[in-house]
Protein chains: 2
Amino acid sequence: MGSTLHDVARIAGVSIKTVSNVVNNYPHVRPSTREKVLSAIEELDYRPNLSARGLRSGRTGVIGLAIPELRQNYFAELADSIIRAADAHGVGVVIDQTSATREGELAVLSGERLRLTDGVLFSPERLGQDDVNLLNVGFPLVLLGERIFGGPTDHVTMRNVESARAATEHLIGIGRRRIAVIGAHPVNQDDIRSANLRVRGYREALDAAGLPYDTTLVRTAAPWHRENGAVAMRRLLEDGVDFDALFTLNDTLGLGALRALGEAGVRVPDDVAVIGFDNIDESRFSVPSMSSVDPGRDEIARVAVDTLLSRIHEKGEPAPPRQILADYRIVGRESTGFSEPIEAEPPRPSPPWRNPLAVERVTRGPGARRAAPRNRASARRADALRSAHVTTLADGRHKRG
Amino acid sequence: MGSTLHDVARIAGVSIKTVSNVVNNYPHVRPSTREKVLSAIEELDYRPNLSARGLRSGRTGVIGLAIPELRQNYFAELADSIIRAADAHGVGVVIDQTSATREGELAVLSGERLRLTDGVLFSPERLGQDDVNLLNVGFPLVLLGERIFGGPTDHVTMRNVESARAATEHLIGIGRRRIAVIGAHPVNQDDIRSANLRVRGYREALDAAGLPYDTTLVRTAAPWHRENGAVAMRRLLEDGVDFDALFTLNDTLGLGALRALGEAGVRVPDDVAVIGFDNIDESRFSVPSMSSVDPGRDEIARVAVDTLLSRIHEKGEPAPPRQILADYRIVGRESTGFSEPIEAEPPRPSPPWRNPLAVERVTRGPGARRAAPRNRASARRADALRSAHVTTLADGRHKRG
DNA sequence: CAGGGAGTTTCTAACGTTGTACTTCCAACG
DNA sequence: CGTTGGAAGTACAACGTTAGAAACTCCCTG
């Protein structure tokens, strides 16, 4: 079935190494030779055997993405973005679902489940700060999310505190004063995790506006699924707490809460204004459409893939671990009194289909110490990310701050 | 960093092949030897190199899943189920997004994008019946979805006509007579594709009930995204067409339509009863919750993976292509007048973490012609699927038909 | 026209694993 | 007691690729 370099070499009447040189775009091949080889490749429909290439080169051209569950919208959209970003480099993605269990996450770090991959993007949900030393694994690893900070690996994440503060300020800005929160962590509220960081941002906004921090307004919910958003909202209503706005720590909780508000006959945004977090596609289409924080998922995906690949190709002394933060923006929709028309399907650029034979290769400068081009590019992008954030309001204005 | 069989063999004082035998659970190894080898493996933290194994054995233990886009809920949930099913066999999944372009789908079939995979599960969206001969590819391929029938490959899919008919009967059963449809295909309405099959089921139900087929009630929408569901519903309302029920050909269209109905002040289910198709998680949490057809996604995933793996391990003459249909059920919710409480998060069984070293191996009987055990198991399951379908109503009753 | 050098091509040895063929050993059997 | 057969272990050759060094062309120069 599959033909090999040998077959091509025989047909083209050259040595197997010459064929390899042609396939790998080695520059010093006589045009006439290249031509012969290419037509033999064509004739035999030759495809390089990636197992052999992987064995020889130590690289497979596949990275792993370890996430809790694809059926959570946030992760499906993240995976989508990451697969696109990886595809732009000709790299494949194996998805590993940890089912949000500690066991599953440990299995990721142990490398058992690392199948044929050159490195892993890992978004833990159960592991926490105490497990930071487990991150010293023998393969390139880039961390996503908020569970662990200051570890030995690169880390790409979002500005949780600042963006949660901005979300709260968005609610304060439309005149709300009693702002409930759903999604706080039930147990350890000092732990570093999205929930606590976002609550901190919420609190900072209250403080800055001179509003009191009322613990009866801050509700726990875990995991962040619709069900639990609905349950928390029902409790909030049952308890008779007075509130005029709601900040849910992610969108799915918000959609559940919206549902419970609807059942209870509470009007949104008239009685209660609602903002979520994540800006998943779905939030645009709830009734009413839900305002949200867009944490910059595409940028996170792009930067995470770039960072991982540069680690995979890194030579010599490893650079110190980097932490990279993406931009965020506030998206105002009906649930906070902004209206946004539903337009037809926004076009999504399809990836350019690439030369299927070539290997992605990092040019090695003579110094070899210096970071490869892609490294510098992503470092530059990272700097750009660090430098500014932009808040976009629904009316399209941009506010640099 | 990584240690090899050689290292383990040296430490254990045995030959490299004996280590290989231990790793692969070859039975004829003296317990004491096995013990020595295992402790050497432990000591060195040995992990088999999958590229080398893949090169030697011709198999990588990874399959491909080619779908339009992960951010479409249906595909995210399908991918989730497929990854779980593959994981149960110790097999990894590389996801390839075609962006729902013909170009992308052709690239899947050309094998260019088949990275390091033993076979591919492919859910085409743009290719159609005319492309059936393109399915003669040189690698194991299992088709999902409704775009192409009667091809040279195995095909796992759902009972579109019957289940759409059942959905329509569900609406008729609650007394509706003017049933609109959203999601018909804009161009070729005879082509074999989900849209047309489901419309056919709708029509069969009307015929059986003696209701007229009114083309003004049947609306096109493509692709099946929320936006387009909302747009189609607005048009339907603008056109002043009289209708008391809506069958959307998938859930996302339905959620968009629900949104447009809400905007227009139309009450669901009082004025218009709505049922969708796919039973994605989201439909349980819309306002109101949306009835749907559950097409048996988990079963499809399980059977598809089993089928693909049995093809990958198949020896000798290939068996003729099989077509396998999953069971469906109708899930009644508020949008058709059924109520369903929102419960706390349903437990999802986490996969058992498996022996990380062992290879999945098909026992070879002496006859070698006969299908391997797994083949027979999945064939049996397939027969079971073919034999019966069950309609579950919201009240929990089951109806065998 | 010999010598040098850049450009081009070939030779050969890995990469880490598994299958085949082979040896050795021991127990059971006639 | 010799033979047989299976269990237990070993040696070695692949699998298809790439890297490094060696070798072979040219063409240019002194």
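Below, chains carry the letters A, B, ... as their sequence lines are ordered, and counting in each starts from 1.
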Under 4.0 Å between a Lys/Arg side-chain N and an Asp/Glu carboxylate O for [X] and [Y]?
| X | Y | answer |
| --- | --- | --- |
| A:Arg84 | A:Asp87 | no |
| A:Asp131 | A:Arg126 | no |
| A:Arg311 | A:Glu314 | yes |

Map B:Lys17 and A:Thr4 onto DNA chain D by nearest heavy atom, then report which one ends up closer to the 5' terminus.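 Checking each residue's closest nucleotide, the 5'-ward one belongs to B:Lys17.
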
On DNA chain D, more 5' by nearest nucleotide between B:Tyr26 and B:Ala52 is B:Tyr26

Please give, in whole Å, the distance from [N] [atom2] to [X] [atom1]?
| X | N | atom1 | atom2 | answer |
| --- | --- | --- | --- | --- |
| A:Asn49 | D:dT18 | CG | C1' | 13 Å |
| A:Arg10 | C:dT9 | CZ | C1' | 19 Å |
| A:Asn21 | C:dT10 | CG | C1' | 10 Å |
| B:Leu116 | D:dT17 | CG | C1' | 13 Å |
| B:Ile41 | C:dT17 | CD1 | P | 10 Å |
| A:Asn24 | D:dT17 | CG | C1' | 9 Å |
| B:His6 | C:dC15 | NE2 | P | 8 Å |
| A:Arg59 | D:dG16 | CZ | C1' | 18 Å |

Check whether the side chains of A:His28 and A:Asn21 place a donor and an acceptor atom closer than 3.5 Å, and report yes or no.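 No, no side-chain donor-acceptor contact under 3.5 Å.
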
Looking only at side-chain N and O atoms, does [X] come under 4.0 Å of OP1 or OP2 in [N]?
| X | N | result |
| --- | --- | --- |
| A:Ser20 | D:dT18 | yes |
| B:Thr33 | D:dG9 | yes |
| B:Thr18 | D:dT10 | yes |
| A:Arg53 | D:dG16 | no |

From C:dT9, C:dA14, D:dG9, pick the nucleotide closest to the side chain of A:Arg56?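 So the nucleotide nearest the side chain must be C:dA14.
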
Between D:dT17, C:dT18, D:dG16, which nucleotide has the shortest distance from any of its atoms to the side chain of A:Ile16?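 So the nucleotide nearest the side chain must be D:dT17.
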
Is any side-chain heavy atom of B:Leu65 less than 4.5 Å from a side-chain heavy atom of A:Ile95?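 Contact flag for B:Leu65/A:Ile95 side chains = no.
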
